[in-house]
Asks: 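Below you will find the structure I want to go over with you.
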Amino acid sequence: MTYDFQNIEKKWQQYWKENNTYKTNTDTSKPKFYSLDMFPYPSGSGLHVGHPLGYIASDILSRFKKLKGFNVLHPMGFDSFGLPAEQYAIQTGKHPALTTQENIKRYKEQLKNIGFSFDWDKEVQTSDPNYFKWTQWIFLKLFNSFFDEEQNKARPIDELDIPKNLSDQEKEAFINGHRLVYQDEIQVNWCPALGTVLANEEVTGGVSERGGHPVVRRPMRQWVMRITSYAERLISGLEELDWPESIKLSQKNWIGKSHGAEITFQEKNSKEPITVFTTRPDTIFGVTYLVLAPEHPLVDKISTSERKASIEAYIDEASKKSDLERAELDKTKTGVFTGAFAINPVSGEEIQIWVSDYVLISYGTGAVMAVPGGDQRDFEFAQKFNLEIRQVITPDGKEIEELNEAYPGQGIMLNSGAYNGWKSEDFFPKSIELIEAAGAGKATINYKLRDWVFNRQRYWGEPIPILHTEDGRVVAEDEENLPLTLPEVESYEPSESGESPLARIEEWVNIDHPKYGKVRRETNTMPQWAGSCWYYLRYLNPENENLFADPEAIKYWMPVDVYIGGAEHAVLHLLYSRFWHKVLFDLGYVSTDEPFQRLINQGMIQGRSNFVYRVKNTNTFVSHGLRKDHDSIPMHVDVNIVRNDELDLEAFRNWRSDLADAEFILEDGKYVCGVEVEKMSKSKYNVVNPDKIIEDYGADTLRMYEMFLGPLEQSKPWNTNGIDGVHKFLKKFWSLFFDEKGNLNLSDEEPSKEALKVVHKTFKKVQDDIERFSFNTPVSEFMICVNRLRELNCNNRDLLEKLVIALSPFAPHISEELWNKLGHSESVTKANFPQYEEKYLQEDVFEYPISINGKMRTKISFPVDMLQDDMKPEILSNEVVQKWLEGKEPKKVIIVPKRIVNVVV
RNA sequence: GCGGAUGUGGCGAAAUUGGUAGACGCACUAGACUUAGGAUCUAGCGCCGCGAGGCAUGGGGGUUCGAGUCCCUCCAUCCGCACCA
């Protein structure tokens, strides 16, 4: 009886669906396990073979935990708001909701073919009004909260202490100035090509992360989330999480905490205070000038009249530069002198004030005290403009002659008045004392993290549920009016002024509100990240109409035990959702401070491209090994017509019409293709579709092979070449159960000791491996086990039955079929994972490797009960060892029980 | 520049606390069986050497009875961040 995977898989997928096999059990007496995947954005091109890698791992883990007696929550959903569907709508006029639904349908089919144990009753889609109702609701919670610095947590805005004697307008402004979501006129990353504002996180190297379009800076009215209030907690919260160190570090670096001091200098004429941030107050005596960012508000006030023109020209030039250009031009420093002077509050010295774009308005105070002797940037600037470079810290307290670069390290003070000869580490706290004594500042902590620009001028996103009243107030839409849904629009294009397409829909924007009268709706929508900030909470209770999730369910299921997804979300999604979660925690809506206890980053699956080599100006193709003999150009060839790097010539001729008459120069009768690892993409013809693999080999083979490919965390190229090995394993496994005629051929006789040992060892290994998130080694373990059982001719019913259970997380379809054939009426998912027994793993005799002076020499067998730590050299009386020792008395015998004996002579 | 990760046969990889390096699989070689296959089975397969044996985990050094694993140093590749004061 052959292993008919196609019918078996179809049959069981049907069975699971009909019997609700994967319905989440909420029996709260059992321990819970919440296994979460990063849900996909349903793109138009469907899944390729790399996408399900993490899902397969989490599915194995979920199924394993279920067999171990846990209630498992293993949901799936779709991050269905986003740019590609909107771009497509702009091009075709097709409503993004339709495109999205079609894509989701395709994704679900593909996912179902792989045999995941997702509970589809828990599915969420972020663009579903029943879902984004609660995204809007959470937005309003943030809008109606403020951050209490003293208690270090968010609180309802009605509890905010409002200063007395404020006019109504001032009161309003005060409250708005404390909300966790607020409006601000700020410099934003405007992307003309996408027609929207992007978060700093979405801009890399001056271009948009998606699409690589140029981004410029421009002031606009924006909705902003006060994530900076949580900077400290977002750092400290990382400590208790089982996350990869690299991700924790990325988040820490992103938040960018630095200890230092704020120091206020005074401008000489206007007496304007200029506050700078520095991490090195100990270099206060080395300050030889100040620098303001071009956007700094004081630039205009303090610059002298004769310098105004050149300064304005400089500022104008700087503002035209995009971040990209600023970064590109980083080689030489530019700047202008304002003509103004400042007084060093500690030394009393008078120093020049300059403007330069190497100082960023967005970090610290937008002004720096320049210490050219201790900071490389200041050094370069001072060199270029002939400003004084004063050494205040050197390794030995003596001036370095011929200073070619700044000395940023620690050392001994010099040129610092009364403090010469101090160690810089000791002077650091003293310098802060001096600054405080001068009433010019204090020690502070500064963060790189900036508040999160939380809106996009786009159609396909959650509408922001805010109303602008006629008298200029900004008020929240009533909760009972949520969800606020998207109106139909004629055009999905954003307007040139940067307003969203919603702004054109008059009847949607201008409404007569029962509570606030004539109001104008906010026309911005939320950014792509909004929906994914909290989806893991909605999974607990997606049907709930009264709350985003049931508090009891939250208490039971949270936190997420294992969250598997790509490392590309290290700082974006994972920081935002932690922020929202902490706000919800402060407001009492969730039971944990952190959402994701354990995080695992699966590696990327790269493509493995194949190449053919066309001899120039011909339709002849030369095999890889012979290409040097000809003048040839490489050409991508579809990996689906290549097997083990050998080209299928017929298929190649049929691939494209222009290749129908292709000729080949073969080596050893074969056409061998070249290979290169690249990103998987259509244009490189290296996309491998899981549907095709499933058709040829089955979902069980796909699942096991994806795991077998290598460690989950590691990035690796997809290579279909090795898949036969895994497929062969499943065939062998299948054949263990049947005789030649296809009848079940099992015995109830006592299995051999050897068979018991092999199988129980497999149970132990597989269990231990899964628990340490190693999914590739169990596959090997199963292979060893099955090969061994075949050698031993073992067909013991009990052992094989248990093996079916152990294999079921990896290969659920074949396991169900065999389980059923073994006479069980219930699904194998209801079974218990087989417990290994120590007694079968023990050996009677242990074959010890003996090494002499660290070199492996021979082996010797001991009864297991002799294996003690205090084994004496006498045991080496064995002839074999004596021969190696040449009769010498060993000096020392080192015995590692169950491992090795090392003899030192 | 700063930070992180990785480096083991022809290839993907194993080696959980330092203890027989290369398990398992692919590819390859030889053989068996044939209803001639993209099937199945058996054996071989790190390198040098006829052999005993020697050499091998990116290079060099160290600790140890013993190092892929720990320490120092250099090199290569990949991935983040990047005028953050």
Side-chain angles (χ1 to χ4, degrees), chain A residues 2 204-205 244-247 249-250 252-254 256-258 260 276-280 283 291 326-327 329-331 333 356-360 362-371 374-378 380-381 408 446-450 567-568 570-571 603-604 643-646 648 675 696 705 708-711 713-717 719-726 728-729 731-732 735 765 768-769 771-772 774 776-785 787 790 847-859 890-905:
Chain A
T2 52
T204 31
E245 279 310 311
S246 58
I247 301 289
L249 209 64
S250 299
K252 276 186 207 161
N253 289 343
W254 190 264
K257 181 180 182 176
S258 47
V276 302
F277 173 76
T278 178
T279 53
R280 295 300 297 273
T283 61
V291 192
R326 271 205 195 183
L329 296 170
D330 69 351
K331 304 290 174 270
K333 299 267 181 290
S356 170
D357 65 3
Y358 85 88
V359 174
L360 307 173
S362 49
Y363 181 74
T365 60
V368 302
M369 59 178 223
V371 185
D375 183 284
Q376 189 56 27
R377 294 154 297 171
D378 297 344
E380 284 164 18
F381 191 83
N446 198 36
Y447 299 94
K448 268 202 294 194
L449 184 71
R450 273 160 265 160
E568 66 273 21
V571 284
M604 279 247 287
R643 195 182 167 88
N644 285 340
D645 297 332
E646 185 186 342
D648 180 335
V675 174
D696 293 350
Y705 186 57
F708 187 68
L709 224 43
E713 294 90 338
Q714 200 171 295
S715 287
K716 56 232 158 190
N719 184 357
T720 309
N721 290 353
I723 202 165
D724 280 337
V726 171
K728 232 184 272 180
F729 156 77
K731 281 201 256 184
K732 285 181 191 170
S735 71
K765 273 283 282 176
D768 291 354
D769 286 347
E771 271 164 7
R772 68 188 171 97
S774 175
N776 51 333
T777 43
V779 181
S780 296
E781 204 52 44
F782 282 120
M783 287 176 176
I784 295 167
C785 182
N787 284 342
R790 281 159 61 92
E847 195 170 61
Y848 249 102
I850 308 285
S851 76
I852 317 273
N853 285 345
K855 282 241 175 284
M856 285 306 149
R857 288 302 176 189
T858 185
K859 285 179 184 171
K891 268 191 218 149
K892 195 170 154 196
V893 179
I894 292 142
I895 297 167
V896 183
K898 293 227 167 171
R899 277 181 208 266
I900 199 166
V901 175
N902 189 30
V903 182
V904 188
V905 284

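All chains are named by letter (A, B, ...) in the order of the sequence lines, taking the proteins before the strands, and each is independently numbered beginning at 1.
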Asks: Could you report the tightest heavy-atom contact between A:Val276 and A:Val368, atom names first, then the distance?
Replies: CG1-C, 3.6 Å
Asks: As a check on the pairing definition, encode RNA chain B in dot-bracket form, counting Watson-Crick and G-U wobble pairs whose two distances are under 3.5 Å, and using | for partners outside this strand.
Replies: (((((((..(((......[....))).(((((.(..)..))))).(((....)))..(((((..]....))))))))))))....
Asks: Of the nucleotides B:A85, B:C41, B:U20, which has the atom closest to the A:Lys732 side chain?
Replies: B:C41
Asks: Kindly compute the distance separating CD (A:Gln714) from CG (A:Asn776), expressed to the nearest 0.5 Å.
Replies: 8.5 Å
Asks: Rounded to the Å, how far apart are A:Ile900 CD1 and B:G18 P?
Replies: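 Rounded to the whole Å, the gap is 14 Å.
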Asks: What's the closest nucleotide to the A:Leu249 side chain, out of B:G3, B:C83, B:U16?
Replies: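 Given the options B:G3, B:C83, B:U16, the side chain of A:Leu249 is closest to B:G3.
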Asks: Send over the distance from A:Lys728 NZ to B:U42 P, rounded to a whole Å.
Replies: 11 Å
Asks: Given the C1' atoms of B:G59 and B:C75, what is the spacing between them in whole Å?
Replies: 7 Å
Asks: Measure from OH on A:Tyr447 to C1' on B:C81 and round the result to the nearest Å.
Replies: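 My rounded result for the distance is 20 Å.
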Asks: Rounding to an integer number of angstrom, what distance separates B:C55 and B:G7 when you compare their P atoms?
Replies: 25 Å
Asks: With a cut-off of less than 4.0 Å, is there a side-chain N or O of A:Lys333 near OP1 or OP2 of B:C83?
Replies: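 So the side chain of A:Lys333 is outside the cut-off, no N or O lying under 4.0 Å from OP1 or OP2 of B:C83.
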Asks: Using whole Å, what does the distance between atom P of nucleotide B:C24 and atom OH of A:Tyr705 come to?
Replies: 17 Å
Asks: Pull out every protein N or O sitting under 3.5 Å from an N or O of nucleotides 11-13 of chain B, one pair per line with the distance.
Replies:
| residue | atom | partner | partner atom | Å |
| --- | --- | --- | --- | --- |
| B:G12 | O2' | A:Leu709 | O | 2.7 |
| B:A13 | OP1 | A:Gln714 | NE2 | 2.6 |

Asks: Taking all atoms of both residues into account, what is the closest heavy-atom pair of A:Pro711 and A:Lys716, and its distance?
Replies: O-NZ, 2.6 Å
Asks: Using the C1' atom as the point on both nucleotides, what is the distance between B:A85 and B:A15, in whole Å?
Replies: 48 Å
Asks: Report the residue (A:Glu245 or A:Asn446) whose heavy-atom-nearest nucleotide on RNA chain B is the more 5′ of the two.
Replies: A:Glu245
Asks: Between B:G4 atom C1' and A:Asn253 atom CG, what is the distance in whole Å?
Replies: 9 Å
Asks: Nearest of B:U20, B:C41, B:C24 to any side-chain atom of A:Asn787?
Replies: B:C24
Asks: With the criterion being N/O to N/O and under 3.5 Å, what pairs connect the protein with nucleotides 76-79 of chain B, and how long is each?
Replies:
none

Asks: Return whichever of A:Gly722 or A:Gly256 has its heavy-atom-nearest nucleotide of RNA chain B closer to the 5' end.
Replies: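 That would be A:Gly722.
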Asks: Under 4.0 Å, heavy atoms only, any strand: does A:Lys765 hit a base, just the sugar-phosphate, or nothing?
Replies: base
Asks: Base, sugar-phosphate alone, or nothing: which one does A:Ile894 contact when heavy atoms must sit under 4.0 Å apart?
Replies: base
Asks: When you compare B:G46 with B:G68, how far apart are their C1' atoms, in angstrom units rounded to a whole number?
Replies: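 Result for the C1' pair: 15 Å, nearest Å.
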Asks: Which nucleotide, B:A14, B:A85, B:A27, lies nearest any side-chain atom of A:Asp724?
Replies: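 Of all the options, the side chain of A:Asp724 is nearest to B:A27.
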Asks: State the syn/anti category of B:G49 according to its glycosidic angle, syn meaning within 90° of 0.
Replies: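 Anti conformation here, the glycosidic angle of B:G49 being more than 90° from 0.
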Asks: Determine yes or no for a side-chain-to-main-chain donor-acceptor pair under 3.5 angstrom, with A:Lys732 supplying the side chain and A:Asn787 the backbone.
Replies: no
Asks: How far does the P atom of B:U57 sit from the matching atom of B:C11, given to the nearest Å?
Replies: 16 Å
Asks: Would you confirm whether A:Arg280, through its side chain, and A:Pro408, through its main-chain N or O, come within 3.5 Å as a donor-acceptor pair?
Replies: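 Looks like yes, one N/O pair under 3.5 Å.
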Asks: Between B:G58 and B:C78, how many Å separate the two C1' atoms, rounded to a whole number?
Replies: 15 Å
Asks: To the nearest 0.5 Å, tell me how far A:Asn719 CG sits from A:Leu709 CG.
Replies: 7.5 Å
Asks: Give, for atom OG of A:Ser774 and atom NZ of A:Lys765, the distance between the pair rounded to the nearest 0.5 Å.
Replies: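 It is 7.5 Å, given to the nearest 0.5 Å.
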Asks: If you check the A:Phe277 side chain, which of B:C26, B:U40, B:A85 turns out closest?
Replies: B:A85
Asks: Roughly how many Å is it from NZ in A:Lys257 to P in B:C81, rounded to a whole number?
Replies: 22 Å
Asks: On a whole-Å scale, what distance lies between the C1' atoms belonging to B:C47 and B:G22?
Replies: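 Pairwise C1' distance, B:C47 against B:G22, rounds to 13 Å.
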Asks: I want to check something: taking the side chain as every heavy atom from C-beta on, are A:Tyr358 and A:Asp378 in contact at a cut-off of under 4.5 Å?
Replies: yes
Asks: According to the interplanar angle, ranging from 0 to 90°, do the rings of A:Phe729 and A:Phe782 count as parallel (below 30°), tilted (30 to 60°) or perpendicular (above 60°)?
Replies: tilted
Asks: So what does A:Val904 hit on the nucleic acid, given a heavy-atom distance under 4.0 Å: a base, only sugar-phosphate, or nothing?
Replies: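 Answer is sugar-phosphate: A:Val904 comes under 4.0 Å of backbone atoms only.
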Asks: Rounded to whole Å, please give me the gap between CE in A:Met783 and C1' in B:A14.
Replies: 13 Å
Asks: If the C1' atom of B:A76 is compared with that of B:G60, how far apart are they to the nearest Å?
Replies: 15 Å
Asks: Hey, what do you get for CD1 (A:Ile850) to CD1 (A:Ile900), rounding to the nearest 0.5 Å?
Replies: 8.5 Å
Asks: Just how far is it from atom CG of A:Asn446 to atom NZ of A:Lys257, taken to the nearest 0.5 Å?
Replies: 11.5 Å
Asks: Among B:C24, B:A85, B:G80, which nucleotide sits nearest the side chain of A:Ile784?
Replies: B:C24
Asks: Looking only at heavy atoms, what is the nearest atom pair of A:Trp254 and A:Val571, with distance?
Replies: CB-CG1, 3.8 Å
Asks: Hey, could you give me the CG/OH distance between A:Leu449 and A:Tyr363, rounded to the nearest 0.5 Å?
Replies: 11.5 Å
Asks: Would you say A:Thr279 and A:Phe277 make side-chain contact, with heavy atoms under 4.5 Å?
Replies: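 A:Thr279 reaches A:Phe277 side chain to side chain.
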Asks: I need the CD1-P distance between A:Ile247 and B:C81, as an integer number of Å.
Replies: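 Distance check: A:Ile247 CD1 to B:C81 P gives 11 Å.
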